[in-house]
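Here is the structure we will look at, set down as structure tokens.
A, B, ... follow the sequence lines: proteins, then strands. Residue 1 opens every chain. Atoms considered below: every heavy atom in the structure, side chains included; atoms not considered: hydrogens, waters and symmetry mates. Every value quoted in this text rests on a predicted model; they were computed, and no experiment measured them.
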Protein chains: 2
Amino acid sequence: MQTRSIRADARRNRDLLLAAAMDVIAEEGPNASLNEIARRAGVGPGTLYRHFPARDALLAAVFEGRLARLCTRAEEMAEALPPGEALIAWLRLLIAHAMTDHGLGARMMLTTSSAEADCSATLRDVADRLLGPAQREGSVRADLDFADLVELTAGIAQAAADPVRAERLLMLTLDGLRTAAEPTAGALGAVETGTTGRVATPRQERE
Amino acid sequence: MQTRSIRADARRNRDLLLAAAMDVIAEEGPNASLNEIARRAGVGPGTLYRHFPARDALLAAVFEGRLARLCTRAEEMAEALPPGEALIAWLRLLIAHAMTDHGLGARMMLTTSSAEADCSATLRDVADRLLGPAQREGSVRADLDFADLVELTAGIAQAAADPVRAERLLMLTLDGLRTAAEPTAGALGAVETGTTGRVATPRQERE
DNA sequence: ACCTGAACACCGTTCAAGT
DNA sequence: ACCTGAACACCGTTCAAGT
């Protein structure tokens, strides 16, 4: 009496929907037609909306599987490599991940809403597990934040046309564009302004 | 006999369309409804398609105005500031630009197609005008490319939720995430690999 | 309980018909 | 020449009706 056959059907429909969604999204990206997904799963559109009331709920469900794999890999890296290298290797993985399915990964990484399937929290735990040691080791800036890594990574993934460009952008980001930290002229007190967020626009600053 | 009144009408419709597009895109972003734009311009949808056969053509037209301003500012900065500072100030401007209209700027900066209104070429000229001097001065990496700047900039704009986050990400990108260039263990010859683009994947990394 | 699929308002795009 | 706007196929979303 605990599990009804009707429930089994619902469960089966959910699985069909999810499988179809993975296929269609892989082909068409995160804006794929929901009706098409329902059609390919062999159910009516209403059934899709019953299981996934909003598009992001469906995307999050697809995203979860990949996220699990990403966490496993993070553990492996934390054990196999020195902290700094582990973090960088994982960032590389994160970028590859964000580039799959026409940017579904990046979209899910950046979206703060859809708290129901909170991928963001899981991601944060994993990232902190790698970031902390790397910072203590001194191979990475101490003021780095989880959000910094996610945003820089997602940005690179969205802007890069292919994995080669992505790798290039990652290396630039790790090493920085500047050659030195000296502000051209004498020692203005402006060296540290970078960390404070907004900086005065250079308007009347002539010659 | 050179200019017909009919032409004046066509011209006027184009202007109406463009003005409406600027409004609607500012409100709804680059995926705004084309029918809605035509409606607000007071013309039929067919007229819109006559003047702008593809969505990107319309977006490019909207983009052109802002691009012109961006070029003017670049000239001003090149004259008023030392090369390194001018480049950075302009990058900041580029990011702000890429964040307007719900990401229209970033989309146009990254899209290589739609060669008709080649914003990309204009942008490239301006960027090179600032990048070259900054590199000769030595304040910025010598191997930096125009594409690097555009992609990093567009990536930051797309990933940042607000201008404060964007400024933070820009500063991180300028200075780099790493604290030092030493590869953890002894002096492998790997210090310079960052500049070569693709780097060997860390051994057993599959998938 | 869960599913269905017709129905609604909208979209992008086209094209015969007008002027 | 240029414009119109009805028309087509599609979309996201809902909801009475079924089982």
Between B/His51 and A/Thr47, the residue closer to the 5' end of DNA chain D by nearest nucleotide is B/His51
Could you tell me whether the phosphate oxygens of D/dC11, OP1 or OP2, come under 4.0 Å of any side-chain nitrogen or oxygen in A/Arg39?
yes
Nearest whole angstrom, please: distance from the P of D/dT14 to the CZ of A/Arg55.
13 Å
Using side chain to side chain contact (heavy atoms under 4.5 Å, CB included) as the criterion, point out the one residue from A/Leu170, A/Leu149, A/Leu123 that pairs with A/Leu94.
A/Leu123
B/Asp9 atom CG is separated from C/dG18 atom C1', nearest whole Å, by 15 Å
Would you call B/Asp128-B/Arg124 a salt bridge at under 4.0 Å N-O?
yes
Distance in angstrom units between B/Glu36 CD and C/dA9 P, rounded:
17 Å
Give the rounded distance in Å between these two atoms: CG of A/Leu58 and P of D/dT13.
11 Å
Check whether any side-chain heavy atom of B/Asp143 sits under 4.5 Å from a side-chain heavy atom of A/Arg168, and report yes or no.
yes
From the set D/dT13, D/dC3, C/dG12, return the single nucleotide nearest to any side-chain atom of B/Asn13.
D/dC3
Could you please name the partner base of D/dT14, counting Watson-Crick and G-U wobble pairs only when both distances are under 3.5 Å?
C/dA6
Compare every heavy atom of A/Ile95 with every heavy atom of A/Ala157, then report the nearest pair and how far apart it is.
CB-O, 3.9 Å
Value in whole Å for how far the P atom of D/dC11 lies from CG of B/Asn31:
16 Å
Whole Å only: how far is the CG atom of B/Leu17 from the C1' atom of D/dC2?
13 Å
Find the distance B/Tyr49:OH to D/dC2:C1' and express it as a whole number of Å.
18 Å
Counting side-chain heavy atoms from C-beta on, which of D/dC2, D/dT4, D/dT13 comes nearest to B/Arg50?
D/dC2
If I take atom CG in residue B/Leu34 and atom P in nucleotide D/dC10, what distance separates them, rounded to the nearest angstrom?
19 Å
What one should report as the nearest heavy-atom pair of A/Ala38 and A/Gly44 is CB-O, 4.0 Å
Nucleotide nearest A/Asn35 when distance is taken to its side chain, options D/dT13, D/dC2, D/dT4
D/dT13
From the candidates D/dT13, D/dC11, C/dC3, the one with an atom nearest any side-chain atom of A/Ser33 is D/dC11
Watson-Crick or G-U wobble mate for C/dT19, both contacts under 3.5 Å
D/dA1
Within the structure shown, what part of the strands sits under 4.0 Å from A/Ala32 by heavy-atom distance: base, sugar-phosphate, or nothing?
sugar-phosphate
Nearest-nucleotide pick for B/Pro45, side chain only, options being D/dC3, D/dG12, D/dG5:
D/dG5
